[in-house]
Amino acid sequence: MASKENSYFSDFIKGLWKENPVLVQFLGMCPTLAVTNAVVNAIAMSAAVIFVLVASAIIISLIRKFIPAQVRIASFIVVIATFVTMADRYLAAFYPELSKALGPFIPLIVVNCIILGRMEAFASKNNVGRSILDALGMSFGFAIGLLLMSTFREILGNGTWLGYEVLGNWWDKWMVMILPPGAFLTLGTIVGVSKFLQTKFKKA
Amino acid sequence: MKSRIYMVFVLTFVAVISSGLLAYFAVYTQPYIEKNKKKEIDKAIMEVIPGVKQSEPIVNESKFKIFKGLDEKGEIIGYAVYTIGTGFQDMITVMFGIDKDLKTLFSLKVLDQKETPGLGAKITDDTEFLRFWKNRNIEEGIRLAKHLKEMKELKINEVNAISGATISSRAVVKIINDALQKVKKEVK
(Lines give C-alpha, C1' and ligand atoms only; values in the text may rest on other atoms or scores of the structure.)
Protein backbone atom coordinates (compact mmCIF):
# COMPACT_ATOMS: atom_id res chain seq x y z
CA MET A 1 0.00 0.00 0.00
CA ALA A 2 2.81 2.35 0.95
CA SER A 3 4.53 1.86 -2.36
CA LYS A 4 1.34 2.55 -4.26
CA GLU A 5 0.76 5.80 -2.42
CA ASN A 6 4.34 6.64 -3.10
CA SER A 7 3.87 6.17 -6.82
CA TYR A 8 0.73 8.35 -6.83
CA PHE A 9 2.71 11.00 -5.04
CA SER A 10 5.56 10.76 -7.50
CA ASP A 11 3.13 10.98 -10.44
CA PHE A 12 2.28 14.41 -9.20
CA ILE A 13 5.59 15.62 -7.86
CA LYS A 14 7.79 14.67 -10.80
CA GLY A 15 6.37 17.41 -13.00
CA LEU A 16 7.13 20.11 -10.49
CA TRP A 17 10.87 19.74 -10.41
CA LYS A 18 12.54 16.52 -11.58
CA GLU A 19 10.78 16.46 -14.97
CA ASN A 20 9.67 20.08 -15.04
CA PRO A 21 8.42 20.72 -18.58
CA VAL A 22 10.01 24.16 -18.85
CA LEU A 23 13.27 23.76 -16.96
CA VAL A 24 14.13 20.14 -17.72
CA GLN A 25 12.15 18.85 -20.70
CA PHE A 26 12.26 22.13 -22.63
CA LEU A 27 8.72 21.70 -23.87
CA GLY A 28 6.32 24.54 -24.56
CA MET A 29 9.12 27.00 -25.17
CA CYS A 30 7.06 29.16 -27.49
CA PRO A 31 4.58 30.42 -24.84
CA THR A 32 7.31 30.35 -22.21
CA LEU A 33 9.31 32.91 -24.16
CA ALA A 34 6.43 34.88 -25.60
CA VAL A 35 3.89 35.54 -22.86
CA THR A 36 6.10 35.91 -19.79
CA ASN A 37 6.58 39.68 -20.13
CA ALA A 38 3.98 40.25 -17.41
CA VAL A 39 2.95 38.10 -14.46
CA VAL A 40 -0.75 38.41 -15.27
CA ASN A 41 -0.18 36.96 -18.75
CA ALA A 42 1.81 34.08 -17.27
CA ILE A 43 -1.01 33.33 -14.82
CA ALA A 44 -3.66 33.36 -17.55
CA MET A 45 -1.53 31.17 -19.80
CA SER A 46 -0.84 28.75 -16.95
CA ALA A 47 -4.52 28.58 -16.03
CA ALA A 48 -5.43 27.80 -19.62
CA VAL A 49 -2.78 25.08 -19.81
CA ILE A 50 -3.84 23.58 -16.46
CA PHE A 51 -7.44 23.41 -17.70
CA VAL A 52 -6.57 21.96 -21.10
CA LEU A 53 -4.04 19.45 -19.80
CA VAL A 54 -6.21 18.12 -16.96
CA ALA A 55 -9.42 18.01 -19.01
CA SER A 56 -7.71 16.29 -21.94
CA ALA A 57 -5.98 13.84 -19.60
CA ILE A 58 -9.32 12.84 -18.08
CA ILE A 59 -10.99 12.29 -21.46
CA ILE A 60 -8.03 10.54 -23.05
CA SER A 61 -7.48 8.17 -20.16
CA LEU A 62 -11.21 7.40 -20.08
CA ILE A 63 -11.37 6.49 -23.76
CA ARG A 64 -7.82 5.11 -24.05
CA LYS A 65 -9.02 1.50 -24.43
CA PHE A 66 -11.31 2.35 -27.35
CA ILE A 67 -8.83 4.29 -29.43
CA PRO A 68 -6.98 2.22 -32.02
CA ALA A 69 -3.24 2.88 -32.11
CA GLN A 70 -3.32 4.11 -35.72
CA VAL A 71 -5.57 7.10 -35.02
CA ARG A 72 -4.49 7.86 -31.47
CA ILE A 73 -2.54 11.06 -32.28
CA ALA A 74 -5.40 12.38 -34.41
CA SER A 75 -7.88 11.65 -31.63
CA PHE A 76 -5.63 13.32 -29.04
CA ILE A 77 -5.37 16.43 -31.18
CA VAL A 78 -9.13 16.63 -31.65
CA VAL A 79 -9.72 16.34 -27.91
CA ILE A 80 -7.00 18.86 -27.08
CA ALA A 81 -8.18 21.31 -29.75
CA THR A 82 -11.71 21.12 -28.37
CA PHE A 83 -10.62 22.17 -24.91
CA VAL A 84 -8.23 24.83 -26.23
CA THR A 85 -10.99 26.40 -28.30
CA MET A 86 -13.23 26.40 -25.26
CA ALA A 87 -10.54 28.11 -23.17
CA ASP A 88 -9.93 30.64 -25.95
CA ARG A 89 -13.62 31.52 -26.31
CA TYR A 90 -14.01 31.69 -22.55
CA LEU A 91 -11.17 34.22 -22.25
CA ALA A 92 -12.48 36.24 -25.19
CA ALA A 93 -15.94 36.37 -23.61
CA PHE A 94 -15.08 37.12 -20.00
CA TYR A 95 -11.50 38.46 -19.97
CA PRO A 96 -11.20 40.41 -23.25
CA GLU A 97 -8.10 42.34 -22.11
CA LEU A 98 -6.22 39.17 -21.25
CA SER A 99 -7.37 37.49 -24.40
CA LYS A 100 -5.95 40.40 -26.40
CA ALA A 101 -2.64 40.38 -24.53
CA LEU A 102 -2.17 36.65 -25.07
CA GLY A 103 -3.09 36.95 -28.74
CA PRO A 104 -2.47 33.79 -30.75
CA PHE A 105 -0.77 31.93 -27.91
CA ILE A 106 -3.96 30.50 -26.46
CA PRO A 107 -4.99 28.84 -29.75
CA LEU A 108 -1.38 27.68 -30.08
CA ILE A 109 -1.74 25.55 -26.94
CA VAL A 110 -3.10 22.95 -29.37
CA VAL A 111 0.39 22.32 -30.63
CA ASN A 112 2.04 22.69 -27.22
CA CYS A 113 4.22 19.61 -26.87
CA ILE A 114 3.69 19.37 -23.12
CA ILE A 115 0.09 18.42 -23.67
CA LEU A 116 0.44 16.05 -26.60
CA GLY A 117 3.51 14.60 -24.88
CA ARG A 118 1.65 13.82 -21.66
CA MET A 119 -1.27 12.30 -23.57
CA GLU A 120 1.04 10.02 -25.52
CA ALA A 121 3.41 9.18 -22.68
CA PHE A 122 1.03 9.00 -19.75
CA ALA A 123 -2.72 9.51 -20.08
CA SER A 124 -3.08 6.98 -22.90
CA LYS A 125 -1.43 4.29 -20.74
CA ASN A 126 -2.72 4.96 -17.22
CA ASN A 127 -5.98 5.17 -15.31
CA VAL A 128 -7.90 8.37 -14.75
CA GLY A 129 -6.66 9.07 -11.22
CA ARG A 130 -3.00 8.79 -12.08
CA SER A 131 -3.50 10.73 -15.32
CA ILE A 132 -5.09 13.62 -13.43
CA LEU A 133 -2.21 13.67 -10.95
CA ASP A 134 0.31 13.57 -13.75
CA ALA A 135 -1.49 16.34 -15.65
CA LEU A 136 -1.74 18.49 -12.53
CA GLY A 137 1.93 17.98 -11.75
CA MET A 138 3.04 18.80 -15.27
CA SER A 139 0.82 21.84 -15.64
CA PHE A 140 1.82 23.18 -12.23
CA GLY A 141 5.43 22.62 -13.28
CA PHE A 142 4.71 24.66 -16.40
CA ALA A 143 3.05 27.33 -14.25
CA ILE A 144 6.09 27.45 -11.95
CA GLY A 145 8.37 27.94 -14.95
CA LEU A 146 6.20 30.71 -16.36
CA LEU A 147 5.80 32.46 -13.02
CA LEU A 148 9.55 32.39 -12.39
CA MET A 149 10.23 33.83 -15.82
CA SER A 150 7.56 36.51 -15.66
CA THR A 151 8.47 37.51 -12.08
CA PHE A 152 12.04 38.29 -13.08
CA ARG A 153 11.04 39.93 -16.34
CA GLU A 154 8.29 42.13 -14.97
CA ILE A 155 10.24 43.26 -11.90
CA LEU A 156 13.45 44.02 -13.77
CA GLY A 157 11.77 45.34 -16.88
CA ASN A 158 8.90 47.33 -15.43
CA GLY A 159 9.57 47.61 -11.69
CA THR A 160 6.24 45.97 -10.91
CA TRP A 161 4.90 42.57 -9.95
CA LEU A 162 1.36 41.71 -11.08
CA GLY A 163 0.92 45.44 -11.69
CA TYR A 164 1.95 46.47 -8.16
CA GLU A 165 4.94 48.76 -7.72
CA VAL A 166 7.84 46.75 -6.28
CA LEU A 167 10.90 48.78 -7.10
CA GLY A 168 10.67 52.51 -6.57
CA ASN A 169 11.37 55.29 -9.00
CA TRP A 170 15.12 54.92 -8.49
CA TRP A 171 14.99 51.74 -10.54
CA ASP A 172 16.08 52.37 -14.10
CA LYS A 173 13.72 50.01 -15.94
CA TRP A 174 15.52 47.43 -18.06
CA MET A 175 13.26 47.61 -21.10
CA VAL A 176 15.13 44.73 -22.71
CA MET A 177 13.71 42.32 -20.12
CA ILE A 178 10.19 42.90 -21.42
CA LEU A 179 11.25 42.59 -25.04
CA PRO A 180 11.98 39.21 -26.65
CA PRO A 181 15.75 39.20 -25.89
CA GLY A 182 14.90 39.45 -22.19
CA ALA A 183 12.95 36.20 -22.49
CA PHE A 184 16.03 34.36 -23.71
CA LEU A 185 18.29 35.97 -21.11
CA THR A 186 15.89 35.03 -18.31
CA LEU A 187 15.29 31.51 -19.56
CA GLY A 188 19.01 30.89 -19.92
CA THR A 189 19.76 32.16 -16.44
CA ILE A 190 16.92 30.26 -14.78
CA VAL A 191 17.75 27.00 -16.55
CA GLY A 192 21.44 27.45 -15.68
CA VAL A 193 20.68 27.96 -12.00
CA SER A 194 18.21 25.07 -11.89
CA LYS A 195 20.71 22.73 -13.58
CA PHE A 196 23.35 23.80 -11.07
CA LEU A 197 20.99 23.07 -8.18
CA GLN A 198 19.98 19.72 -9.66
CA THR A 199 23.53 18.46 -10.06
CA LYS A 200 24.36 19.66 -6.58
CA PHE A 201 21.39 17.83 -5.04
CA LYS A 202 22.26 14.64 -6.90
CA LYS A 203 25.78 14.59 -5.49
CA ALA A 204 24.62 15.23 -1.95
CA MET B 1 -10.66 -4.75 -42.58
CA LYS B 2 -12.71 -4.78 -39.43
CA SER B 3 -10.07 -2.77 -37.58
CA ARG B 4 -10.02 -0.23 -40.37
CA ILE B 5 -13.74 0.44 -40.09
CA TYR B 6 -13.42 0.58 -36.34
CA MET B 7 -10.63 3.14 -36.70
CA VAL B 8 -12.76 5.40 -38.90
CA PHE B 9 -15.71 4.96 -36.59
CA VAL B 10 -13.76 5.99 -33.48
CA LEU B 11 -12.21 9.08 -35.02
CA THR B 12 -15.56 10.16 -36.48
CA PHE B 13 -17.19 9.64 -33.11
CA VAL B 14 -14.56 11.74 -31.32
CA ALA B 15 -14.87 14.50 -33.94
CA VAL B 16 -18.66 14.57 -33.79
CA ILE B 17 -18.73 14.82 -29.99
CA SER B 18 -16.11 17.55 -30.11
CA SER B 19 -17.89 19.62 -32.74
CA GLY B 20 -21.16 19.30 -30.85
CA LEU B 21 -19.51 20.57 -27.68
CA LEU B 22 -17.83 23.43 -29.52
CA ALA B 23 -21.01 24.48 -31.29
CA TYR B 24 -22.79 24.68 -27.94
CA PHE B 25 -19.92 26.64 -26.39
CA ALA B 26 -19.70 29.03 -29.35
CA VAL B 27 -23.38 29.88 -29.10
CA TYR B 28 -23.04 30.34 -25.35
CA THR B 29 -20.08 32.77 -25.55
CA GLN B 30 -21.13 34.67 -28.69
CA PRO B 31 -23.27 37.36 -26.97
CA TYR B 32 -20.52 38.09 -24.43
CA ILE B 33 -17.88 38.44 -27.14
CA GLU B 34 -20.10 40.79 -29.11
CA LYS B 35 -20.81 42.84 -26.01
CA ASN B 36 -17.06 43.20 -25.43
CA LYS B 37 -16.55 44.36 -29.00
CA LYS B 38 -19.30 46.93 -28.65
CA LYS B 39 -17.86 48.14 -25.37
CA GLU B 40 -14.46 48.52 -27.00
CA ILE B 41 -15.94 50.58 -29.83
CA ASP B 42 -17.88 52.78 -27.41
CA LYS B 43 -14.73 53.39 -25.39
CA ALA B 44 -12.80 54.24 -28.55
CA ILE B 45 -15.45 56.78 -29.63
CA MET B 46 -14.99 58.60 -26.31
CA GLU B 47 -11.26 58.73 -26.94
CA VAL B 48 -11.23 59.93 -30.53
CA ILE B 49 -13.78 62.77 -30.28
CA PRO B 50 -12.86 65.23 -27.52
CA GLY B 51 -15.80 66.16 -25.30
CA VAL B 52 -18.23 63.63 -26.70
CA LYS B 53 -20.99 62.54 -24.33
CA GLN B 54 -23.01 60.10 -26.40
CA SER B 55 -22.95 58.55 -29.82
CA GLU B 56 -25.36 57.27 -32.42
CA PRO B 57 -24.51 54.99 -35.32
CA ILE B 58 -25.21 56.40 -38.80
CA VAL B 59 -23.62 53.66 -40.86
CA ASN B 60 -23.33 50.26 -39.24
CA GLU B 61 -21.75 47.71 -41.54
CA SER B 62 -19.49 44.96 -40.24
CA LYS B 63 -16.34 46.54 -41.68
CA PHE B 64 -17.29 50.19 -41.82
CA LYS B 65 -19.16 52.20 -39.22
CA ILE B 66 -19.78 55.90 -38.70
CA PHE B 67 -20.96 57.23 -35.37
CA LYS B 68 -22.36 60.68 -34.70
CA GLY B 69 -20.71 62.20 -31.63
CA LEU B 70 -22.99 64.41 -29.54
CA ASP B 71 -22.22 66.73 -26.65
CA GLU B 72 -24.33 67.02 -23.48
CA LYS B 73 -26.89 69.27 -25.23
CA GLY B 74 -27.33 66.68 -27.95
CA GLU B 75 -25.59 68.80 -30.55
CA ILE B 76 -23.32 67.13 -33.04
CA ILE B 77 -19.63 67.81 -32.51
CA GLY B 78 -18.04 65.26 -34.77
CA TYR B 79 -17.99 61.80 -36.23
CA ALA B 80 -16.16 58.66 -35.18
CA VAL B 81 -15.27 56.31 -38.01
CA TYR B 82 -14.56 52.61 -37.56
CA THR B 83 -12.91 50.94 -40.51
CA ILE B 84 -10.93 47.85 -41.42
CA GLY B 85 -8.31 47.76 -44.16
CA THR B 86 -5.35 45.76 -45.37
CA GLY B 87 -2.08 46.14 -43.49
CA PHE B 88 1.29 44.59 -44.22
CA GLN B 89 0.28 41.04 -43.30
CA ASP B 90 -3.26 41.11 -42.07
CA MET B 91 -6.18 43.43 -41.52
CA ILE B 92 -5.83 46.59 -39.44
CA THR B 93 -8.85 47.89 -37.53
CA VAL B 94 -8.80 51.57 -36.66
CA MET B 95 -11.09 54.19 -35.19
CA PHE B 96 -10.66 57.90 -35.76
CA GLY B 97 -12.55 61.02 -34.86
CA ILE B 98 -13.24 63.95 -37.21
CA ASP B 99 -15.01 67.25 -36.68
CA LYS B 100 -18.53 67.89 -37.96
CA ASP B 101 -17.32 69.91 -40.99
CA LEU B 102 -15.06 67.03 -42.07
CA LYS B 103 -12.01 69.27 -41.98
CA THR B 104 -10.00 68.07 -39.02
CA LEU B 105 -9.04 64.64 -37.80
CA PHE B 106 -8.96 64.80 -33.99
CA SER B 107 -7.06 61.61 -33.27
CA LEU B 108 -6.53 58.04 -34.35
CA LYS B 109 -6.73 54.82 -32.42
CA VAL B 110 -5.67 51.38 -33.64
CA LEU B 111 -8.06 48.76 -32.30
CA ASP B 112 -6.64 45.61 -33.81
CA GLN B 113 -3.59 44.74 -35.88
CA LYS B 114 -1.25 41.84 -36.58
CA GLU B 115 1.71 43.75 -38.01
CA THR B 116 5.31 42.67 -37.40
CA PRO B 117 6.06 42.95 -33.68
CA GLY B 118 8.70 45.58 -33.00
CA LEU B 119 8.28 47.24 -36.42
CA GLY B 120 4.82 47.55 -37.94
CA ALA B 121 3.17 46.88 -34.60
CA LYS B 122 4.38 50.31 -33.54
CA ILE B 123 1.30 51.74 -35.26
CA THR B 124 -0.32 51.26 -31.84
CA ASP B 125 2.48 53.23 -30.18
CA ASP B 126 1.72 56.77 -29.12
CA THR B 127 5.21 58.28 -29.12
CA GLU B 128 6.29 56.61 -32.36
CA PHE B 129 3.18 57.07 -34.45
CA LEU B 130 -0.21 58.01 -33.09
CA ARG B 131 0.76 61.39 -31.59
CA PHE B 132 1.48 62.72 -35.08
CA TRP B 133 -2.14 62.09 -35.95
CA LYS B 134 -3.51 64.70 -33.55
CA ASN B 135 -5.52 67.48 -35.27
CA ARG B 136 -4.61 66.85 -38.90
CA ASN B 137 -6.27 68.65 -41.79
CA ILE B 138 -8.14 66.14 -43.93
CA GLU B 139 -9.65 68.28 -46.67
CA GLU B 140 -7.20 66.81 -49.16
CA GLY B 141 -6.42 63.59 -47.33
CA ILE B 142 -3.48 62.62 -45.14
CA ARG B 143 0.04 62.22 -46.51
CA LEU B 144 3.20 60.69 -45.12
CA ALA B 145 6.05 63.14 -44.56
CA LYS B 146 9.00 62.52 -46.91
CA HIS B 147 11.40 62.28 -43.97
CA LEU B 148 11.00 62.22 -40.20
CA LYS B 149 10.10 65.63 -38.85
CA GLU B 150 9.40 67.14 -35.48
CA MET B 151 5.72 67.49 -34.68
CA LYS B 152 5.73 71.27 -35.24
CA GLU B 153 7.56 70.98 -38.57
CA LEU B 154 4.93 68.68 -40.03
CA LYS B 155 2.47 70.26 -42.44
CA ILE B 156 -1.10 70.15 -41.20
CA ASN B 157 -1.96 67.21 -43.44
CA GLU B 158 1.26 65.27 -42.89
CA VAL B 159 2.12 62.47 -40.48
CA ASN B 160 5.43 60.77 -39.81
CA ALA B 161 6.02 57.20 -40.95
CA ILE B 162 7.57 54.65 -38.61
CA SER B 163 11.18 54.04 -39.56
CA GLY B 164 11.53 50.40 -40.58
CA ALA B 165 7.80 50.05 -41.13
CA THR B 166 6.98 52.23 -44.10
CA ILE B 167 4.55 49.69 -45.53
CA SER B 168 2.51 49.53 -42.35
CA SER B 169 2.54 53.33 -42.08
CA ARG B 170 1.43 53.69 -45.69
CA ALA B 171 -1.27 51.10 -45.12
CA VAL B 172 -2.73 53.10 -42.25
CA VAL B 173 -2.66 56.30 -44.32
CA LYS B 174 -4.44 54.49 -47.15
CA ILE B 175 -7.05 53.02 -44.81
CA ILE B 176 -7.79 56.48 -43.40
CA ASN B 177 -7.94 58.19 -46.80
CA ASP B 178 -10.20 55.49 -48.25
CA ALA B 179 -12.47 55.78 -45.25
CA LEU B 180 -12.54 59.57 -45.55
CA GLN B 181 -13.75 59.27 -49.15
CA LYS B 182 -16.58 57.04 -47.97
CA VAL B 183 -17.41 59.36 -45.09
CA LYS B 184 -17.68 62.33 -47.42
CA LYS B 185 -20.22 60.43 -49.48
CA GLU B 186 -22.24 59.27 -46.49
CA VAL B 187 -22.22 62.47 -44.45
CA LYS B 188 -23.70 65.28 -46.48
Side-chain angles (χ1 to χ4, degrees), chain A residues 30 33-35 37 51-52 55-56 58-60 62-108 110 119 124 175-176 178-183, chain B residues 1-44 87 89-93 95 109-122 124-125 127-128 164:
Chain A
C30 175
L33 293 168
V35 304
N37 53 358
F51 165 72
V52 172
S56 315
I58 293 172
I59 300 295
I60 299 287
L62 277 175
I63 61 172
R64 69 184 191 279
K65 295 207 171 109
F66 305 104
I67 296 181
Q70 298 94 319
V71 294
R72 69 182 190 286
I73 300 285
S75 312
F76 298 166
I77 289 286
V78 172
V79 173
I80 295 166
T82 308
F83 287 116
V84 170
T85 312
M86 282 167 76
D88 185 38
R89 296 283 298 191
Y90 180 82
L91 279 178
F94 300 105
Y95 300 96
E97 301 286 312
L98 269 178
S99 161
K100 240 184 171 179
L102 293 171
F105 292 103
I106 293 289
L108 279 176
V110 176
M119 296 308 121
S124 63
M175 277 308 288
V176 66
I178 297 209
L179 299 172
Chain B
M1 191 57 205
K2 205 178 159 196
S3 82
R4 227 181 262 174
I5 293 169
Y6 178 66
M7 188 169 100
V8 172
F9 172 76
V10 168
L11 195 53
T12 312
F13 183 74
V14 170
V16 166
I17 296 277
S18 131
S19 43
L21 252 175
L22 284 182
Y24 170 75
F25 205 75
V27 171
Y28 167 66
T29 50
Q30 191 63 31
Y32 295 98
I33 291 174
E34 258 159 31
K35 215 170 77 191
N36 289 333
K37 257 194 188 153
K38 198 176 168 294
K39 218 190 257 168
E40 201 189 352
I41 288 176
D42 285 344
K43 207 180 128 217
Q89 289 162 319
D90 209 318
M91 306 311 270
I92 301 178
T93 309
M95 169 80 101
K109 192 174 158 62
V110 177
L111 297 177
D112 198 20
Q113 54 85 23
K114 295 184 180 67
E115 301 301 288
T116 321
L119 294 170
K122 283 185 187 159
T124 58
D125 190 300
T127 48
E128 295 262 4

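In what follows, every chain begins at residue 1, and chains take the letters A, B, ... in the order their sequences are listed. Just so you know, these numbers use all the heavy atoms, side chains as well, and skip hydrogens, waters and symmetry mates. Not measured: the values here are computed from a predicted model.
- With a threshold of 4.5 angstrom between heavy atoms, B/Glu40 approaches chain A through side-chain atoms but not through N, CA, C or O.
- A/Ala92 and B/Asn36 make their closest contact through O-ND2, 2.9 Å (heavy atoms, listed as atom of the first residue, atom of the second, distance).
- The two atoms that bring B/Leu22 and A/Thr82 nearest to each other are CD2-O, 3.5 Å, heavy atoms only.
- Atoms NZ and CG, on A/Lys100 and B/Asp112 in that order, are 5.0 Å from each other to the nearest 0.5 Å.
- The shortest distance between side-chain heavy atoms of B/Phe9 and A/Phe66 does not fall below 4.5 Å.
- Open room surrounds CD on A/Glu97; 12 or fewer heavy atoms of other groups in view lie less than 6.0 Å from it.
- Listed here is the closest heavy atom pair of A/Arg89 and B/Ala26: NH2-O, 3.1 Å.
- Heavy atoms closer than 4.5 Å to chain B are found nowhere in A/Phe83, neither backbone nor side chain.
- Taken from CD1 in B/Ile33 to CZ in A/Phe94, the straight-line distance is 8.5 Å, to the nearest 0.5 Å.
- With contacts defined as side-chain heavy-atom distances shorter than 4.5 Å, the pair A/Val79/B/Ser18 does not qualify.
- In this structure, CE in A/Met86 is found 4.5 Å from CZ in B/Phe25, a value given to the nearest 0.5 Å.
- Around OH of A/Tyr95, the count of heavy atoms belonging to other residues, nucleotides or ligands within 6.0 Å does not exceed 12.
- Heavy atoms only, all atoms of each residue included: A/Val78 and B/Ala15 are closest at CG1-CA, 4.1 Å.
- Interface residue B/Val14: backbone and side-chain heavy atoms are both found under 4.5 Å from chain A.
- For B/Phe13, no part lies near chain A; criterion is any non-hydrogen pair under 4.5 Å.
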